[in-house]
Amino acid sequence: MYIKKLKLTNFRNYERAELEFSPLTNIIYGNNAQGKTNILESVYLFAQGRSHRAKTDKELVRFGADFAGLEIEFCDSKREHNGKMQILKNGRKAVRINHVSISKLSQLMNYLNVVMFSPEDLNMVKGSPNIRRRFTDSAISQLYPAYLSSLMEYNKVLDQKNSLLRTNRRSINDVKKTLWIWNEQLAELAVKIMRARTDFTDSIATAAKAIQHDISGEVLDIRYVPNIRLEEYTKEAVYDYLNDRADREIDAVSSLYGIQRDDLDIQVEGRDAKLFASQGQQRTAALSMKIAQSEYINDIKGEYPILLLDDIMSELDISRRMYLSERIRDKQVLITSTDTDLAGKDTATRQFRIEKGTVTDVS
Ligand code: ATP
Ligand code: MG
């Protein structure tokens with residue numbers, strides 16, 4: 001899929017802006033704080049229904065304006081779509097796709113898919129396990145809403161279990177009886193979640209390995225590390241596993257076992273990337289995972305998502321840049337950069353210069 005056109009009114013630092021994109025590479029360049037990331041953010045909004053960085057939607061409305069208006073035209077392999085969004089300064093948002101209003105923002109994922117890569121994504125490799133879980137969960141949820149429901153339900157039950165462990169002053173046998181009830185519900189949901197995480201990780205691990213190898217010649221291994229380790233994930237096995245450890249959880253006054261403690265093991269050249277990989281290797285690994293995610297979306301949906309690459313080229317050496325450009329040459333990609341001299345430009349590439357919220361097409 002690709003975006004043809006984007007129109008912004010009173011969005012962030014844009015009073016008015018209009019961009020017509022190439023279906024292939026688009027370079028959005030300019031100095032710091034001119035509005036490059038704001039463009040990617042506006043596209044991301046149409047795909048995910050929320051900003052990748054704003055805490056509240058209010059921030060998105062241009063200072064002093066009453067509302068922001070966004071319009072997008074995009075195509076998938078079947079047809080053309082258009083989207084409209086209005087964000088009021090109190091943060092209320094209205095979205096229409098193909099002239100029909102969207103009530104649940106998660107519906108947006110049925111239309112436009114993007115994968116964003118920004119400098120903070122380095123934390124997928126470097127940071128704590130919850131960042132890797134968020135990556136996995138959001139990637140799966142984008143395609144399988146039922147996964148998101150299971151996850152939300154799991155967290156609700158886990159909260160109840162934790163409050164039982166924290167506040168209970170009844171006899172240990174009473175506590176255990178209630179614990180078993182929560183554990184049964186958790187086991188059922190955990191199995192679904194673990195199976196989905198296994199499938200997802202297996203699929204992106206293979207793709208990411210190939211991509212990393214292409215970009216840098218390095219060996220990247222990604223492995224799902226479930227907190228509950230079993231030969232096979234069945235509800236009964238997880239239930240027994242949790243119940244067998246009830247005493248330890250009661251002693252600890254909190255839930256010690258479950259999918260809330262899962263992680264991904266990421267290795268570059270056979271060593272834990274968190275500890276031993278260089279900054280550039282970590283960045284390449286995170287990038288390979290994101291590109292693998294876009295291939296995963298393509299495998300499931302039959303549509304390749306749009307890649308939004310925020311300010312990453314400058315952090316890669318020239319050979320990594322060249323390989324990356326080659327790798328994404330036949331996909332639509334929106335790249336921001338503070339310099340114009342990016343590798344892999346060709347005649348299909350469009351370039352936009354951004355200066356204080358004005359866009360000039362300099363292709
Ligand atoms: P960098 O190269 O540093 O990443 P950038 O070009 O990506 O910069 P953006 O993050 O897109 O910059 O835009 C930042 C600019 O937008 C800042 O100058 C900021 O003050 C301005 N800005 C952010 N929100 C609003 C708003 N609601 N109204 C007006 N201006 C805003
Ligand atoms: Mg930026």
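Bear in mind that the values here come from a model prediction, so they are computed numbers and not experimental data. Counting starts at 1 for both ligands and their atoms, following the listed order. Along the sequence shown, residues are numbered consecutively beginning with 1.
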- Message: As a test of the contact definition, would atom 19 (C) of ligand 1 count as having a protein heavy-atom neighbour under 4.0 Å?
- Response: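 Given the 4.0 Å limit, the answer for atom 19 (C) of ligand 1 is no, no protein heavy atom qualifies.
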- Query: Is atom 5 (P) of ligand 1 less than 4.0 angstrom from at least one protein heavy atom?
  - Reply: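 For atom 5 (P) of ligand 1 the answer is yes, since some protein heavy atom falls inside 4.0 Å.
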- Query: So does Y304 have more than 12 non-hydrogen atoms from other groups sitting under 6.0 Å from OH?
  - Reply: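 For Y304, atom OH is crowded (more than 12 foreign heavy atoms under 6.0 Å).
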- Query: Does some non-hydrogen atom of G30 fall short of 4.0 Å from ligand 1?
  - Reply: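 So G30 does not count as touching ligand 1.
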- Item | Proximity flag D311 to ligand 1, non-hydrogen atoms under 4.0 Å |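 The answer is no, since D311 has no heavy atom less than 4.0 Å from ligand 1.
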- Message: Show the atoms of ligand 1 that are less than 4.0 angstrom away from any heavy atom in T37.
- Response: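 Contacts of ligand 1 toward T37, numbered from 1: 4 (O), 5 (P), 7 (O), 10 (O), 11 (O).
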- Quick one: which of E41, R53, Q34 has a heavy atom closest to atom 10 (O) of ligand 1?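 Shortest heavy-atom distance from atom 10 (O) of ligand 1: R53.
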- Message: My understanding is that we take every heavy atom of each candidate and find the minimum distance to atom 21 (C) of ligand 1. Doing that for L40, N13, N31, which one comes out nearest?
- Response: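 The residue whose heavy atom sits nearest atom 21 (C) of ligand 1 is N13.
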- Task: Among D221, D214, D202, find the residue that satisfies the salt bridge (charged side-chain N to carboxylate O under 4.0 Å, His left out) test when tested with K209.
- Result: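 In the set D221, D214, D202, the residue that makes a salt bridge (charged side-chain N to carboxylate O under 4.0 Å, His left out) with K209 is D221.
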- Query: For atom 9 (P) of ligand 1, which protein heavy atom lies nearest, and how many Å away is it?
  - Reply: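 Ranked first by proximity to atom 9 (P) of ligand 1 is N38 OD1, 3.6 Å.
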- Query: Which residue and non-hydrogen atom of the protein lie closest to atom 28 (N) of ligand 1, and at what distance in Å?
  - Reply: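 Of the protein heavy atoms, F63 N, 3.0 Å lies nearest.
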- Message: Before you tell me yes or no, could you show the steps for E188 and Y239 under side chain to side chain donor-acceptor pair (under 3.5 Å), namely the whole-Å CA-CA distance, both residues' side-chain angles and the distance that decides it to 0.1 Å?
- Response: CA-CA 8 Å; E188 185 171 351; Y239 180 60; over 6 Å; no
- N or O contact, A33 vs ligand 1, cut-off under 3.5 Å: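 There is such a contact, yes.
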- Query: So is K36 polar-close to ligand 1, meaning N/O to N/O under 3.5 Å?
  - Reply: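 Yes.
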- Message: Within this structure, what is the CD-CG distance for the pair E20 and N26, rounded to the nearest 0.5 Å?
- Response: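 Output value for this atom pair is 11.0 Å.
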- Task: Report yes or no: is the cationic atom of R245 (NZ for Lys, CZ for Arg) under 6.0 Å from the centre of the six-membered ring of Y241, at an angle within 45° of the ring normal?
- Result: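 Verdict for Y241: a cation-pi partner in R245.
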- Under 4.0 Å from ligand 1, counting heavy atoms only, is it the side chain of I354, its backbone, both or neither?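 No part of I354 comes within reach of ligand 1.
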- In chain order, what residues pass the side chain to side chain donor-acceptor pair (under 3.5 Å) check against D317, with sequence neighbours excluded?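 Partners of D317 under the side chain to side chain donor-acceptor pair (under 3.5 Å) test: S319.
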- Give me the protein N, O or S atoms that fall under 2.8 Å of the Mg ion (ligand 2), sorted by chain and residue number.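 You should have found T37 OG1.
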- Decide yes or no on ring pair (Phe, Tyr, Trp, His ring centres under 6.0 Å) for F21 and Y2, but give the supporting numbers first. CA-CA 9 Å; F21 293 110; Y2 66 96; over 10 Å; no
- Message: Quick test of your reading of the model: are D57 and R50 salt-bridged, counting only N-O distances below 4.0 Å?
- Response: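 Between R50 and D57 there is no salt bridge, as every charged N stays at least 4.0 Å from the carboxylate O atoms.
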